[in-house]
Amino acid sequence: MLSPKTIEIVKSTAPLLAETGPALTAHFYERMFKHNPELKNIFNMSNQFTGAQREALFNAVHGYAANIDNIEVLLPVVEKIAQKHVSFNITPEMYAIVGENLLATIDEMFNPGKEVIDAWAEAYGLLANVFITREEEIYQGKESTQGGWRGTREFTVLTKTKESDVITSFVFAPVDGEPVTGYKPGQYIGIYLNPEQFEHQEIRQYSLSSAPKTNTYRISVKRDPQGLVSNYLHDHLNVGDTVKLAPPSGDFFLEASKDTPVALISGGVGLTPMLSMLETLTGEHDADIHWIHATENGQHHAFGEHIDNLIKQNSRATRNVWYRDPLASDKVAEDYDHAGMIDLSVIDGLTDDAQRHFYLCGPVGFMQAVAKQLVSSGVSKGSIHYECFGPHKVID
């Protein structure tokens, strides 16, 4: 436990951190990568250039300082970060490096004196231990399950399938021919890539886009015009190639019982974890299932026929698809149901059942708009679950 004096000192620095903003974490990352360039093989350098990771870390550091006297409120964030860290195979030694550079950053930017630095060192040590302990539990849990492992494991690309003009699916099978560990629908896997054309090893997390299988994993990746990894996957990774994967992770997953009504709401490639959920629910769910998806048009719409076939297998399942800008070749009621921006008020009974749980995935702006509509219709925030691709953001 932290001493009252340490809590007081760290909490008193929160306004200074808030005033400094992500400039704090920009200094931290620049310093750390200068002194420990090997960590460029772990961190997503694209997020460094966009500033997304710096903003996420700043929010975490400021949140810790502001709530250091009420750590319980941070536990959901701890679980989310711990799951992501396991996918990156973060080690206790890395926490020591981060701690050293964080303290040095605070000292170099603010020169707050030894008492403040010592208080932050104590506070960081406590938080690091919380993460290290939880992450070791996750590591052990994954390697002890049937088909599980720790670290990375080699997989072969079994199939590569174009699902739309922008989304391609990859199915991976383990090189050793042994079973793979299961996962909860909604979780992701980490893929490790280090081809000659990359300056550093790149690690990305992609949602698993099918119901759990015993011997394969499937991901479905959207091409980002500026995306180093997504373009490599689309253009260069082919059937027969080998990659390294970390075990499935993630704190966003289907938790509904068979008699719990659900709504699966996605935008664009955010349908990937939802498809894993839908495949799992189809045929064995006794309550309403709403499949709600929004995309640009038919050229961007992935898995449309497959999803329609799944929905037909369950009389309690319904479909509502929005095309923001339909093409002349897109057929209303066949390919899509609504044009324009998503408007949940047109779906009868969607928000009437207080027991319904809503699962969201897509661009942050999309999820913010959906969450606002749900909350304004009386849906409890506790019934809304969501996943951000990339650094986490709060949507409500």
Side-chain angles (χ1 to χ4, degrees), residues 159-171 185-186 188 206-211 218-227 229-231 233-235 237 252 254 262-282 289-314 317-347 350 358-371 373 386-390:
T159 65
K160 179 179 180 180
T161 306
K162 186 176 180 179
E163 310 290 0
S164 75
D165 282 6
V166 294
I167 296 175
T168 294
S169 290
F170 302 84
V171 174
Y188 51 77
Y206 291 107
S207 296
L208 291 148
S209 61
S210 72
R218 183 179 74 188
I219 62 173
S220 303
V221 181
K222 179 182 178 181
R223 182 194 292 273
D224 179 347
Q226 306 302 318
V229 171
S230 71
N231 279 291
L233 294 175
H234 277 251
D235 295 337
L237 189 68
F252 173 76
L254 184 68
V262 298
L264 309 177
I265 308 176
S266 59
V269 75
L271 90 170
T272 51
M274 303 304 170
L275 181 53
S276 177
M277 295 180 187
L278 183 64
E279 287 189 0
T280 302
L281 290 170
T282 300
I289 305 169
H290 282 273
W291 175 267
I292 303 168
H293 180 59
T295 190
E296 287 296 302
N297 50 53
Q299 292 182 346
H300 286 232
H301 191 184
F303 296 104
E305 184 177 353
H306 175 55
I307 289 165
D308 286 346
N309 289 334
L310 290 173
I311 290 173
K312 290 175 184 177
Q313 296 175 31
N314 191 314
T318 60
R319 181 199 84 168
N320 278 274
V321 172
W322 270 263
Y323 282 2
R324 189 185 68 84
D325 188 17
L327 302 172
S329 57
D330 294 331
K331 299 178 181 178
V332 68
E334 182 176 333
D335 300 319
Y336 70 103
D337 306 291
H338 315 279
M341 305 299 286
I342 192 167
D343 178 6
L344 299 181
S345 68
V346 305
I347 304 177
L350 179 65
F358 299 81
Y359 294 87
L360 281 57
C361 191
V364 171
F366 167 84
M367 292 192 293
Q368 288 173 332
V370 169
Q373 292 182 47
Y386 66 97
E387 175 82 315
C388 292
F389 291 159

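Positions are given from 1 along the sequence. These numbers were taken from a predicted model, which means no experiment stands behind them.
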Requested in this report: Fit a plane to each ring of Y336 and Y323, take the angle between them on a 0 to 90° scale, and name the class: parallel (under 30°), tilted (30 to 60°) or perpendicular (over 60°).
Outcome: parallel

Report summary line: Scanning both residues in full, the closest heavy-atom pair of Q373 with L344 reads OE1-N, 2.9 Å

**Report entry** Candidate pair S207 and F252, rule side-chain contact (heavy atoms from CB on, under 4.5 Å), full reasoning
**Finding:** CA-CA 10 Å; S207 296; F252 173 76; over 6 Å; no

**Report entry** Side-chain donor or acceptor of N231 paired with backbone N/O of D224 under 3.5 Å
**Finding:** yes

Report task. Check whether any side-chain heavy atom of I347 lies under 4.5 Å from a side-chain heavy atom of I292, and answer yes or no. Result -> yes

Query raised in the report: Does the side chain of M277 come within less than 4.5 Å of V262's, by heavy atoms?
Result: no

Requested in this report: Give the intermediate values and the outcome of side-chain contact (heavy atoms from CB on, under 4.5 Å) for residues V346 and W322.
Outcome: CA-CA 11 Å; V346 305; W322 270 263; 3.7 Å; yes

**Report entry** Close side-chain approach of Q299 to S329, heavy-atom, < 4.5 Å
**Finding:** no

Report summary line: Nearest heavy-atom contact between S230 and K222 is CB-O, 3.4 Å

Requested in this report: Quick one: closest heavy-atom pair of V321 and D335, and the distance?
Outcome: CG1-O, 4.1 Å

Query raised in the report: Do side-chain atoms of D165 reach the backbone of H300 as a donor and acceptor pair under 3.5 angstrom?
Result: no

Report task. Check side chain to side chain donor-acceptor pair (under 3.5 Å) between Y206 and all other residues, then give those that pass, not counting sequence neighbours. Result -> none

Report task. May I have the step-by-step check of side-chain contact (heavy atoms from CB on, under 4.5 Å) for H301 and S164, ending in yes or no? Result -> CA-CA 6 Å; H301 191 184; S164 75; 6.0 Å; no

Report task. Not counting sequence neighbours, list each pair that qualifies as a salt bridge (Lys or Arg N to Asp or Glu O under 4.0 Å) and has a residue in residues 299-309. Result -> D308-R319

Query raised in the report: Taking S220 as the fixed residue, which of T161, L271, T272 is the one that meets the side-chain contact (heavy atoms from CB on, under 4.5 Å) rule?
Result: T272

Requested in this report: Using modelled atom types only, decide if a donor and an acceptor are shared between the side chain of D330 and the backbone of G298 within a distance under 3.5 Å.
Outcome: yes

Query - Check: T168 and L233 side chains under 4.5 Å, non-hydrogen atoms - result: no

Query - Where A211 and E279 come nearest, the two heavy atoms and their spacing - result: N-OE1, 2.8 Å

Query raised in the report: How long is the span from the CG atom in L264 to the OH atom in Y359, to the nearest 0.5 Å?
Result: 8.5 Å

Query raised in the report: Any sub-3.5 Å donor-acceptor pair from S276's side-chain atoms to S209's backbone N or O?
Result: no

**Report entry** Check against side-chain hydrogen bond (donor to acceptor under 3.5 Å, both in side chains), H290 and N320
**Finding:** CA-CA 8 Å; H290 282 273; N320 278 274; 4.8 Å; no

Query raised in the report: Would you say the side chain of H234 lies within less than 4.5 Å of the side chain of V166, judging by non-hydrogen atoms?
Result: no

